[in-house]
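Scroll down for the structure; my scribbles are underneath it.
Predicted model, so just to flag it, every value in this text is computed and none were measured. Worth knowing before you read on, the calculation uses all heavy atoms, side chains too, and leaves out hydrogens, waters and symmetry mates.
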Amino acid sequence: MYRKQETVVSTDLPLVQELGTTLREWTQIWHKLYVSNKTTLFRNVQQMAYSLIEYRSQIVSGTLPNDDLVALKKKVTAKIDYGNRILGLDLVVRDEAGNTLDPERTSTVSLFRAHESASHSIDERIQEEKVKHLFLLCALSKYIYAGTRKINFVCNIGEDAELFMSLYDPDKSEFISENFLVRWGSTGMPKEIEKLNNLPALFTDLSSSDLIRQRLFLVCQIIRVGCMELKEGKKHTGGLRRPFGVAVMDITDIAHGNIDDECKQLIMSPLIPSRVIGENEPLVAVFNKVIATREVNHKGQGLFVTLKLLPGDVFQVQKHYPHFVDRTTAIVRKMGFPEIILPGYVRNDIYVTLLQGEFDRGKKKTPKNVEVIMSVLDEEGNPMEKAIFPGAGYEGITEYKSVIYYQVKQPCWNETVKVAIPIEDVCRCHLRLTFRHRSSQDCEDKSEKPFGMAFVRLMKSDGTTLPDGKHELIVYKVDVKKADDAKTYLTLPGSYVEVEEKERQMGKSFHHAGIIPITKDSFQIATLTCSTKLTQNVDLLGLLNWRSNTERLEEILQKLMEVEGGEIIKFLQDTLDALFNIMMETSEEETYDTLLFNALVFIISLIGDIKFQHFNPVLETYISKHFSATLAYQKLTKVLNYFVGHAEDSAHTERLYAALKAFKYLFHFIVQSRILYLRWVPLRNSLQEAILKYLPTIINDLQKVFDAVELSVQLAKFTESIPDFQMVRQKLGCLVKIVESNLFKLPDCRDVLLPLITDQLSGQLDDNSNKPDLEACVQLLSTVLDMLDCKDVGHYLACMTAILKQMEDAHYAQYISTFKTRQDIIDFLMETFIMFKNLMGNVFPPDWMIMNLHQMKVFLRAIDQYSDVLNKYFLDSAHFHLQLWNNYFHLIVAFLTHKSLQLESFSLEKRNKILNKYGDMRKSIGFKLRDMWNNLGQHKMKFIPAMVGPILEATLVPEPELRKATIPIFFDMMQCEHHFSTNHTFQKFENELITKLDQEVEGGRGDEQYKILLEKTPARIQSAIKVNFYKEKKREDIYIRYLYKLRDLHLDCENYTEAAYTLLLHAELLEWSDKPCAPHLIPWDGTQGWTQQELKERLFQEIMCNLDKGKMWEKAIEMAKQLVKLHENQMFDFIELSQLLKQQAQYYENIMHAMRPQPEYFAVGYYGQGFPSFLRNKMFIYRGKEYEWLEDFSLKLLKSQFPNAVKMTSTSPPGDNICNSPGQHIQCFTVKPVLNLSSQFKDKELPEQILNYYRTNEVEKFQYSRPFRKGEKDPDNEFATMWIERSTYITAYRFPGILKWFEVKSMSVEEISPLDNAIETMELANEKLSNLVQQQACDRSLPVHPLSMMLNGIVDPAVMGGFSNYEKAFFTEAYIKKNPDHLERIEVLKHLIALQVPLLDEGIRIHGEKSTEQLKPLHNRLDLRAKVEKLYGVITLVSLTDSTLKKGFVRDRLRVCSFWEEMFQI
């Protein structure tokens, strides 16, 4: 019984439903972006998703007025479409109301135009995003009051505070931005109550170079406004600005985008009391120290700020982040210009920094408490109201008072304010600075008067603005009445630079004889002008004011090319306007043409410089929107032609080269000027005809110099400038030449030119008043269609699709009946099938899902109609056409496998949407494929084996019903070949199927089942599976190819041993003979013409090299012996033989002396249904690498191959609950290989080096022992009840082999009694001890530490009690009486214990020779000798250095082992 699926129909608005679907789809992608660490896109999607959620809640609320709802819908759809594009999702086409278009109710052409329009709109939006600037939003959050309660220490005594926040570069010791000012009240809240919890600021104009500075800090200077000292009372002077502290925060990672935007505490570093440092230290110096130390005890004081990086200019930020930026947000500008200054950008700011001064104490005993008062006055001495801005966030002030440093002779302020006055007033304004001593006592302070005055003019006498940089001002006395009269002191020099200029002009020293005396004091300021109207360059100023100096015009133009590039770029529009104004107003003269041309080339070259290349859009905007010189083209072309004509003249070579570098924009100016001219002055017909005739001949050459799209735009503008009904034939002929040029071959250029061509054609063909030039129209249309060739042209495909959609069955039948002969039908169908195949998915962009599916649906119906034509006209033997049917089948397969129809690769939402609208078109076409194949009858054999590959492609499509329909075709092919072939086999089909299947799977084709079987298999295992498969199928060509793939995989992992065994499989296919190698036997990197013997010898050499690297010298010797026999008995190449014997000798040497770590072996079980079938509920044995332990191996296994698997903690076989669970469970533990000596070594005396090899190699049996208890636990002796469960595993192949792992084919379990366990333990201990003693005796250079540990562990066992436990457990009368059948085994155990004493004795003797001092404790504990010899007998061994001992010792040991084996057999 199948459960019926419920269909839930939502009652929400369609847009609300779309919002939900979009958010679900975005969420899946969002998660993938997080996993893949694509931070930027992740944040963008997050922000867009949050916005959509907010919009959805507003729509669902139902409270929005209709106008607001319509506006919100547009905003929602725009954001959805933009998000879909950047995430690579499908384009959604809508009507004007924002509703999704239904392709069933919309004409195909309208649907295509809607796709074009939507795609164009999104492209424009993306282009806008690319040119955005980056800005930093810094806002004091709503936690400022709760987070800065400690700052009330300032406010509790009734004093206000001012906080100045700015961006600072500590490496360059410069402020990047102006200040953001917050005035804090004495009550612990902002001075303005409306700013409580609402203190945002936007730091603007930050360029990419600002944000990638090595270090960037947000700094805050805190100024308290009150008394001189905090402890002073009412009788003391108030309103003094005194330094209090600083706060700094490193925002480098936020600016770089390395960390998320977050709320951080800005730690404040308060000034230390005067007895330590004093309040005299400048605030800038304090936060430099704080930045350097990075660790300050802030004692809980701090500010909370929220930092967020926002993209876009001010207007875009206000549009997209209205919750961040509103009318209350302070705009904090950069102290400098942004990266790009667009036309229309106006700014006029002068930043003044009070640097430092040195003041004479005069009659006072201590230095003065100097306060600087700054104001902006005009030439009459009238103050400019509110012209000074201490920081953004507040209106300007008329008078600014500096911070006061207490009793400092050389105060250093570093306070920056902004002076903003109208541009027209700058020329008559100046800064006045007065200096006053401030007393802490109010009564004394009132009597203090200013003791000095300084001033500086904002504009110099030559009309240029005050230069940027430091200015040493002259300090005048103010105890003279004239000191307050601006007209008087403005006649005097304001700075020492002005004094030097006067001395240069006068030619003698300047002696001040003015009414106002000069003091000995000094004072410095720094200025920075950020103005798009005020220049500090006299040469540029001369150009901008050229009308007042026309007699110097030639000099002005020459000087312009000496101006610094950055200054010109700031005034780009004004500079260009001035040049073209000169050009237009002197159009009758030729005096300045060359100078103007050179000046224009100079400016264009500046923008071509990499330093200013981002101003290219600014210049293009100027040309298209602001340029208006209609006669400029005459001047520019004339000078250019002159330079070209005199190219050989060395005097003009450099100028011509510069002009060619600037040719792109020169040509833009020329074309734009000509277009403007044509709008006002009609050309004579003859000249127009000449241009139309000869302009296309230079298009290909112009394309090499100019941007192709821009050239197309200019050509379109030129053509449109000619009236519609004039020179029609010439105009259409010009368009024919343009279509034939290389320009029309570029898709982006066609997007510009095709609308022009269709407009001109439609204008001619729809003209009823005039007789159209049909011949010229036909020629243009045919040229266009010929050039397009139906490729990548959406307009024509949309038209064709629209026609096919309208056709009924009768229309198809009637159209076919119009063909006169069968050959005409064949030609039509052949072209149609090829055209359909080429058009599917190759015209419309991939994200045009609706258009692509609509096209496929229409093509499906057409193919169905053409299928009937094939059956009707070309199925009988007389008229069967093989190529036609072949094209038809290939078209069906191409349709069936087209990527736009592979539903499994889409998200669930997209899949359901397609199924509901179009169904699964693959099933329909697949059933048609089956039916048409069955209709072939006796013709089927003609398609075998050619159609095996295409049909295989169809069967790999992961659709169950489709597979049921198409897979039987394979069996039909087998039957056909078996029936019709002479030898009644299906060899052709089998070979083709194997070959094509191999290619398809290697190419990544196949559904989830294929992936489980092949892709999720580790690459080495996958290759091994294919190796075995192709070997069984006797496909040696593919077999060898996969052998070498497997070898390469092993070498990449440094598995040299396995790589050697893999190559050995290839060598086994070859003979030691002179037979030539078949081509398939030679590897891809081999040489043709080899004999089998040559190739086999080469393979043996490579195998031996890999075995040597893998330290498998025994196997290498075996291979070398075959080569020795070959060269000694057959080839008689004794030179090569000698080399082989040397190589073989080296292998023997390595066996005996080289270090060779023994690999560990691991048993790995894969349990659970989550594993692929070849792993599921199976166990494998792995061969580890050198020094690879269980922890490392299991971690690598879980992390790299099965990250979702659960590691089992038990080594017991799992139950059915785990084996049948849907998850993945991995069991991993170490197993011990079982020694398997060959017959040649049986009962032989072997050195340990040889035995060690066979202990871990040439093995296929492995054991794992797990202890368990039987019976009650004996508290005095645990060994009495300790049994061992021993599992034995036998693998399918012997290790080492072509893989690092092999499957366990059989497994057995046995139980080992406590007595047998004790015998094994003693035997292993004796064996290990004898190995160590023998190694030390043979090689005295070995370290003694392993032997020390072994001896100490036996002589003085600290944990398990040694063999005394065996005495308590097995040697008692009670045990022997209870287990009389164990008596012989007990004797074996006693013999093993007795054997240990002489081994210990010899080991201690050797150990003593190497380390006498460390041996003494061991000798002192040898009292167990007497006990052991008394109870278990005496075994005497000669010194192990004697070779006879080694033989006797080994014999003795083997005798014990043989006795134990016989006991087991009994």
I373: partners by side chain to side chain contact (heavy atoms under 4.5 Å, CB included), with sequence neighbours left out: E371, E399, K401, T434
Which residues pass the side chain to side chain contact (heavy atoms under 4.5 Å, CB included) test with N348, not counting sequence neighbours? I423, V426, S531, L534
Applying side chain to side chain contact (heavy atoms under 4.5 Å, CB included), run through C220 and M165 and close with a yes or a no. CA-CA 4 Å; C220 179; M165 304 179 69; 3.8 Å; yes
Is it the case that the side chain of [X] and the backbone of [Y] share a donor-acceptor pair, with hydrogens and angles ignored and the cut-off at 3.5 Å?
X	Y	answer
S177	L167	yes
N179	V417	no
D378	N382	yes
H430	V456	no
R224	C227	yes
T329	P200	no
W413	V403	yes
T519	Y476	no
T398	K386	yes
D360	D521	no

Under a 4.5 Å cut-off applied to non-hydrogen side-chain atoms, are [X] and [Y] in contact?
X	Y	answer
I518	V475	no
V408	P367	no
T204	I331	yes
V246	V219	no
L355	F523	no
V248	L218	no
D160	W184	no
V225	L240	no

Between F217 and Y168, is the ring centre distance below 6.0 Å? no
Name all residues meeting the salt bridge (charged side-chain N to carboxylate O under 4.0 Å, His left out) criterion together with [X]; count only those two or more places apart in sequence or in a different chain, and write none if there are none.
X	value
K418	E178
E162	R183, R241
R436	D445
E174	R213

Between [atom1] of [X] and [atom2] of [Y], what distance do you get to the nearest 0.5 Å?
X	Y	atom1	atom2	result
L377	L490	CG	CG	8.5 Å
H236	S439	NE2	OG	8.5 Å
T237	N369	OG1	CG	10.0 Å
I222	R242	CD1	CZ	15.0 Å
M249	L216	CE	CG	10.0 Å
E358	Q410	CD	CD	4.0 Å

Could you go through the side chain to side chain contact (heavy atoms under 4.5 Å, CB included) check for M374 and R432 one step at a time? CA-CA 6 Å; M374 184 173 69; R432 175 186 166 98; over 6 Å; no
Residue pair [X] / [Y]: nearest heavy atoms and the distance that separates them:
X	Y	value
T366	R361	O-CB, 3.8 Å
Q214	T252	O-CG2, 3.4 Å
P467	T527	O-OG1, 3.0 Å
C530	Y351	SG-CE1, 4.0 Å
F203	S166	CE2-CA, 4.1 Å
A330	A392	CB-C, 4.2 Å

Would you please name every residue forming a ring pair (Phe, Tyr, Trp, His ring centres under 6.0 Å) with F359, sequence neighbours left out? F435, F451
Residues which pass ring pair (Phe, Tyr, Trp, His ring centres under 6.0 Å) with F455, listed by chain and number, not counting sequence neighbours: Y489
Kindly write out the residues that satisfy side-chain hydrogen bond (donor to acceptor under 3.5 Å, both in side chains) with [X], not counting sequence neighbours, or none if the list is empty.
X	result
Y394	E192
N414	none
T416	T353
E501	none

Can you check side chain to side chain contact (heavy atoms under 4.5 Å, CB included) on L466 and M459, steps first, answer last? CA-CA 5 Å; L466 183 67; M459 186 171 285; over 6 Å; no
If you measure from the Lys or Arg side-chain nitrogens to the Asp or Glu carboxylate oxygens, is any gap between D349 and R347 under 4.0 Å? yes
Charged N to carboxylate O below 4.0 Å: is that the case for R438 and E448? no
Salt bridge (Lys or Arg N to Asp or Glu O under 4.0 Å) evaluation trace for K487 with E380: CA-CA 6 Å; K487 292 182 178 179; E380 302 292 333; 3.3 Å; yes
Are there over 12 heavy-atom neighbours, none belonging to E424, within less than 6.0 Å of that residue's CD? yes
What I want to check is whether the side chains of Y400 and E415 have a donor and an acceptor closer together than 3.5 Å. yes
Side chains of H471 and Q524, donor plus acceptor under 3.5 Å: no
Show your working on side chain to side chain contact (heavy atoms under 4.5 Å, CB included) between L354 and L433 and close with a plain yes or no. CA-CA 10 Å; L354 307 180; L433 302 108; 3.6 Å; yes
